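So the structure is just underneath, and the comments pick up after that.
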Amino acid sequence: MTQTTDTTTTNATDTPEAPAPGGRHRIERYDPTAIEPRWQARWAELKLYEVDLDDETRPPYYLLTMYPYPSGDLHIGHWYIKTPTDALARFHRMHGKNVFLPIGFDAFGLPAENAAIRNNINPRDWTNSNIENMRRQLRSMGATFDWSHEVVTSDPAYYQWNQWFFLRFLEAGLAYRAKSPVDWCPNDGTLAREQVEGVDRHCWRCGARVEKRDLEQWYIRVTKYADELLDFSEIEFPDPVRIQQTNWIGRSEGGEIVFETAPSDHHPGGKELRVFTTRPDTLFGATFMVLAPEHPLVPELTAPARKAEVDAYVAQAANRTEIDRLSTEREKTGVAIGADAINPVNGERIPIFVADYVLGGYGTGAIMAVPAHDERDYAFAARFGLPIRRVVAAAGDEGRDLADGAYVAHSADERLVNSGPYTGLPADEGGRAIVGELEAQGKGKAAVTYRLRDWLVSRQRYWGTPIPVIHCPTDGIVPVPDKDLPVLLPDTVNYEGSGINPLTRDEAFLNVTCPKCGGPAQRETDTMDTFMDSSWYWYRYLSPRETYRPIDPELVQEWTPVAQYTGGAEHAVMHLLYAREFTKMMRDLGLIKQNEPWKRVFNQGQILGADGERMSKSRGNVQDPDELVQRYGADTVRLFLMFMGPWDLGGPWSPDGIGGVHRFLNRLWTIALDPSGKEPGDPDAGRLPEGEDEAAARQHIRGAAHRTLKGVTADYEAFHFNTMIAKLMELANVLMRYRGSVAAGSAEWEEAVRMALLMLAPAAPHITEELWSRRLAATGAPWSSIHTERWPEVDPSAIVEATREVPIQVNGKLRDKVVVAAGASQADVEAAALASDRIRAILAGRDPLKVIHAGGGRLVNLVVREDG
RNA sequence: GCCGAAGUGGCGGAAUGGCAGACGCGGCGGUCUCAAACACCGCUGAGGGCAACCUCGUGUGGGUUCGAAUCCCACCUUCGGUACCA
């Protein structure tokens with residue numbers, strides 16, 4: 001591999017110099033600014049981190065970090081995200097794996113456009129200059145990204161394949177067009193949720209009142225994969241991600257039941273109203289029905305006398321957010337439409353309402369309301385004085401009234417009451433019987449509903465992948481032929497000071513000839529959701545420059561599913577779900593064989609500004625890594641970010657404590673280059689700890705090194721970087737204790753220093769490379785990079801100890817500790833405990849009722865009374 | 001609101017059923033120095049006690065257990081997501 005005998009870049013120092021005044025050795029100081037750029041240049045020159053994807057001598061290991069959005073708010077958070085992933089890449093390389101750690105940029109999206117509108121610049125220029133700066137900063141970390149496989153999504157070489165995939169989905173019936181409401185500003189067009197401000201819902205830019213507007217938009221049929229997406233057997237997710245995705249998909253089993261409208265003055269009746277319910281067993285308790293304001297039958301069924309009020313309510317509901325509508329805290333609202341429905345099981349007439357707590361997009365957009373057994377229905381019934389009829393009760397609970405709320409509990413002994421012929425049946429069985437009977441009459445069936453909705457991929461924006469279809473007055477929607485791809489995003493863009501998609505005004509882009517009939521036609525002006533870009537980029541990393549196909553199936557087969565994906569917890573649902581679904585669609589198109597994109601996912605936390613808010617330039621809470629790197633060096637910054645706390649936690653940024661990490665590296669420097677030096681500040685300097693001879697000291701050092709190795713290895717594997725560094729600090733403290741003593745410089749000492757450097761190499765690559773090089777040079781050995789070394793192995797015999805300390809509790813409270821031989825039996829430990837003066841005093845002559853030996857001899861608890 | 005997560009010294013955190021506070025910051029004291037800085041050594045949860053030690057203590061209130069920061073129930077606060085931020 002990358003071995004050379006060249007030693008010109010390092011100096012063989014470490015020759016003892018004359019003691020400085022005060023008896024201190026004068027060794028060259030640790031100066032990261034001198035070391036780091038030199039090694040970075042050297043690694044780049046050796047192409048140490050460019051992967052050979054076809055290397056079959058080592059097992060492949062694909063390590064993927066979520067590609068960054070080039071926001072322009074370049075901050076310490078990016079380092080926080082990337083540093084541990086880089087350390088893992090180095091760790092796995094030291095275990096003999098062929099590691100692929102690519103990087104790229106998620107370059108399309110709203111912020112570029114916001115900046116463009118505000119500052120009247122081109123989103124492409126804004127994005128590209130941010131990418132330039134970010135590349136430089138990411139390189140200054142000393143990270144081992146393989147830049148030769150970089151992907152930038154706003155490059156036509158990438159986004160043309162978004163278009164290609166879209167056309168395949170269209171052919172396969174996986175993409176379709178339907179109406180969908182958007183937040184609409186008369187001046188700025190479609191608004192994202194973050195662009196709608198205040199309780200009065202006004203536009204972020206012009207302040208105009210935001211309304212809802214229905215637009216024809218493109219969808220991907222995610223719901224087709226709902227059940228498969230609920231199967232996590234081939235993907236290792238953190239539990240919270242799996243749970244959130246499961247809840248997001250929200251599979252509900254129940255029944256679809258057909259009500260009919262009752263005849264009335266304004267309406268002949270007999271119109272079918274389908275409802276979905278998870279509780280068909282409560283059908284006899286339905287005392288009214290609720291339609292979503294969007295329900296298509298609302299206008300038709302509304303009585304003329306009620307029309308004005310219903311229309312007003314529907315208009316008002318359209319401008320409410322879903323979060324607001326579903327809030328269980330807000331008082332329920334709704335209006336009667338002046339028509340009734342007929343309950344199919346008992347022929348009862350029940351009134352129909354519209355209310356915004358029922359959503360048009362879920363189930364059938366209509367519900368049967370059972371106030372006795374649903375809290376939302378109960379709240380509505382209570383507000384409007386509607387009857388509440390109990391139809392399910394636990395044994396012995398039938399008589400209890402429901403004055404204080406709905407009865408929704410589920411217990412095994414529930415039975416139906418007030419339910420005609422079904423009365424007395426267990427609730428579950430009754431529900432199935434009711435659905436079965438209705439199904440026989442053609443008035444219902446068992447049904448499954450999902451909360452998950454199809455993926456709306458249309459964006460009324462400029463800075464994204466153009467959707468490759470053409471609207472022809474003759475032929476309707478015509479896909480752009482493959483040979484005409486990519487549909488290029490025009491480079492000239494004129495926002496005219498408004499957020500309305502400039503593509504809609506770009507005549508050159510807009511006007512085309514129909515590929516089918518040759519007549520005049522117009523391009524689609526919607527662009528794609530950037531989640532489309534981010535749903536397959538790791539496949540493209542493997543062959544980023546291929547011009548004739550999106551992916552290289554052989555490399556994809558060899559390298560994916562990705563071994564480890566790391567990224568922010570904020571992506572737990574949407575990105576991680578859409579990307580899984582995209583892989584399944586690619587599979588069904590025959591492009592790949594994988595069922596899941598990644599084997600394992602880890603979510604790291606997010607670094608916030610010192611104020612606890614997300615870091616952004618506009619908030620002025622951004623910490624720039626450059627100034628810290630200048631002051632302390634990249635290794636200190638890397639280490640500090642890993643040491644701050646658990647990686648999955650994140651939290652507000654504070655540089656407090658970075659000095660401690662820097663001091664640790666200084667101590668490591670001292671230990672590695674000046675083992676025999678003595679600190680005048682230490683009264684015990686150069687002396688062994690009391691009661692230890694040289695042999696014991698050397699054994700102590702060796703034991704510490706191997707115990708550290710065992711813990712550090714486990715910590716890397718478990719992503720516990722903070723405790724990994726703490727353990728290395730402890731080892732450095734042990735070595736510092738022996739510095740200047742007879743044990744310093746012994747074989748055990750040298751082994752411990754060597755191991756410490758290897759263990760720290762993934763996290764602090766520059767200083768370890770420098771010290772490694774100097775030690776090689778000092779022994780006259782040829783240079784080779786520490787980063788091509790193998791990870792050391794634990795010698796179990798080094799860790800064995802002759803005695804162990806056992807804490808002794810009385811009634812669960814720590815009272816004493818006894819030292820016993822390592823192999824002592826439970827009886828021996830118990831005898832030692834009972835022999836302790838302190839324990840005897842506390843027991844005061846009482847015999848323990850019970851003696852608990854916990855954790856394989858780790859602790860003893862003497863119980864002298866049961867109430868402890 | 002709903003879904004998910006977190007809450008431990010002055011601060012970041014460690015310990016995920018068994019010694020609460022590893023490691024680090026800050027603080028206090030010391031060594032070195034003409035002096036300062038650096039570096040190094042020691043102490044540092046709260047209360048009580050001359051001391052040995054004792055009591056209390058992991059957001060709040062309950063519970064399970066020989067034993068709870070850790071498990072269960074209820075609540076409070078903060079953070080992430082909530083389908084056009086990425």
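Predicted model only: the values in this text are computed from it and were never measured. Below, read A as the first sequence line, B as the second, and so on, with proteins coming before strands; counting in each chain starts at 1. Just so you know, these numbers use all the heavy atoms, side chains as well, and skip hydrogens, waters and symmetry mates.
Across every strand in view, B/U16 sits unpaired, with no contact that passes the Watson-Crick or G-U test at under 3.5 angstrom. For B/C84, there is no paired base (Watson-Crick or G-U wobble, both distances below 3.5 Å). Remark: B/A46 base-pairs with B/U55; criterion is Watson-Crick or G-U wobble with both hydrogen-bond distances under 3.5 Å. Base pairing annotation: B/A5 forms a Watson-Crick or G-U wobble pair with B/U78, both donor-acceptor distances under 3.5 Å. In this entry B/C40 has B/G30 as its Watson-Crick or G-U wobble partner, both defining distances falling under 3.5 Å. Nucleotide B/C71 is matched to B/G63 when pairs are restricted to Watson-Crick or G-U wobble geometry with both distances under 3.5 angstrom.
Side-chain contact annotation: A/D674 with A/W669, donor-acceptor N/O pair under 3.5 Å absent. No donor-acceptor contact under 3.5 angstrom links the side chains of A/Y450 and A/W248, judged on distance only. In summary, the side chains of A/E194 and A/W204 do not present any donor paired with an acceptor at a separation below 3.5 Å, with no hydrogens or angles considered. A/S836 and A/D816 are linked by a side-chain donor-acceptor pair at a separation below 3.5 angstrom, with hydrogens and angles left out of the test. Side chain to side chain, A/T723 and A/D715 meet the donor-acceptor criterion of an N or O pair below 3.5 Å. Between the side chains of A/T328 and A/Y357, no donor N or O sits under 3.5 Å from an acceptor N or O.
Within the structure, every side-chain polar atom (N or O) of A/R461 is placed at least 4.0 Å from both OP1 and OP2 of B/C84. A sub-4.0 Å separation between OP1 or OP2 of B/A83 and a side-chain N or O of A/R453 is absent. For the OP1/OP2 pair of B/G12 and a distance below 4.0 Å, the side-chain nitrogens and oxygens of A/S654 include no atom meeting the criterion. Within the structure, every side-chain polar atom (N or O) of A/R29 is placed at least 4.0 Å from both OP1 and OP2 of B/C38. Between B/G81 and A/R614, a contact under 4.0 Å exists linking OP1 or OP2 to a side-chain N or O. Phosphate proximity of B/C23 to A/N722: absent, as no side-chain N or O sits under 4.0 Å from OP1 or OP2. For B/C25, the OP1/OP2 oxygens have a side-chain nitrogen or oxygen of A/R663 closer than 4.0 Å. Using a 4.0 Å cut-off, no side-chain N or O of A/R451 falls inside it from OP1 or OP2 of B/U82. Contact check, A/R193 against B/U82: a side-chain N or O comes under 4.0 Å of OP1 or OP2.
Looking at heavy-atom distances under 4.0 Å, A/K727 makes no contact with the nucleic acid at all. The residue A/F643 sits close to a base: some heavy atom pair falls under 4.0 Å. Within the 4.0 angstrom heavy-atom criterion, only backbone atoms of the sugar-phosphate kind lie near A/N733; the bases stay farther away. A/L110 comes within 4.0 angstrom of the backbone, heavy atoms only, and of no base. Within 4.0 Å of A/I725, counting heavy atoms only, lies no atom of the nucleic acid at all. In this structure, A/Q217 reaches the bases: a heavy-atom distance under 4.0 Å links it to at least one base atom across the strands shown. The residue A/W248 sits close to a base: some heavy atom pair falls under 4.0 Å. At a threshold of 4.0 angstrom between heavy atoms, the contacts of A/E329 are confined to the sugar-phosphate backbone, with no base atom among them. A/L191 comes within 4.0 angstrom of the backbone, heavy atoms only, and of no base. Using a 4.0 Å heavy-atom criterion, one finds that A/P646 contacts the sugar-phosphate atoms exclusively. No engagement by A/Q195 is indicated, since no non-hydrogen atom pair under 4.0 Å with the nucleic acid exists. Counting non-hydrogen atoms under 4.0 angstrom, A/I323 reaches a base of the nucleic acid. A/H571 comes within 4.0 angstrom of a base, heavy atoms only. Within the nucleic acid shown, A/V241 has no heavy atom closer than 4.0 Å to any nucleic acid atom.
Looking at A/K850, its side chain has no donor and acceptor atom pair within 3.5 Å of the base of B/C66. On a pure distance criterion of 3.5 Å, a polar donor-acceptor pair joins the side chain of A/N861 and the base of B/C66. One can find a donor-acceptor pair under 3.5 Å joining the base of B/G80 and the side-chain atoms of A/Q244.
Across the P atoms, B/U70 and B/G63 are found 14 Å apart, a figure rounded to whole Å. Atom name C1', nucleotides B/A22 and B/G9: the rounded distance is 14 Å, in whole Å. A distance of about 28 Å separates the P atoms of B/U16 and B/C53, rounded to the whole Å. The same atom, P, is picked in B/A68 and in B/G62; the two are 15 Å apart, to the nearest Å. Annotation: B/U55 and B/U65 have their P atoms spaced 24 Å apart (nearest Å). Comparing B/G1 with B/G67, their P atoms are spaced 37 Å from each other, to the whole Å. The same atom, C1', is picked in B/G48 and in B/C75; the two are 34 Å apart, to the nearest Å. Nucleotides B/C66 and B/G12 are separated by 35 Å at their C1' atoms, to the nearest Å.
Regarding the sugar-base torsion, B/G13 falls in the anti class, its angle being beyond 90° of 0.
When all heavy atoms of A/Q245 and A/A572 are compared, the pair lying nearest together is NE2-O, 3.0 Å.
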Worksheet entry | From CA spacing to verdict: ring pair (Phe, Tyr, Trp, His ring centres under 6.0 Å), A/F582, A/F531 | CA-CA 10 Å; A/F582 204 99; A/F531 280 130; over 10 Å; no

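Ring geometry for A/W647 versus A/F719: interplanar angle under 30°, hence parallel rather than tilted (30 to 60°).
Summary of the strand contacts: A/I658 and A/D183 both lie near RNA chain B, and taking for each the nucleotide with the nearest heavy atom, the more 5' one is attributed to A/I658.
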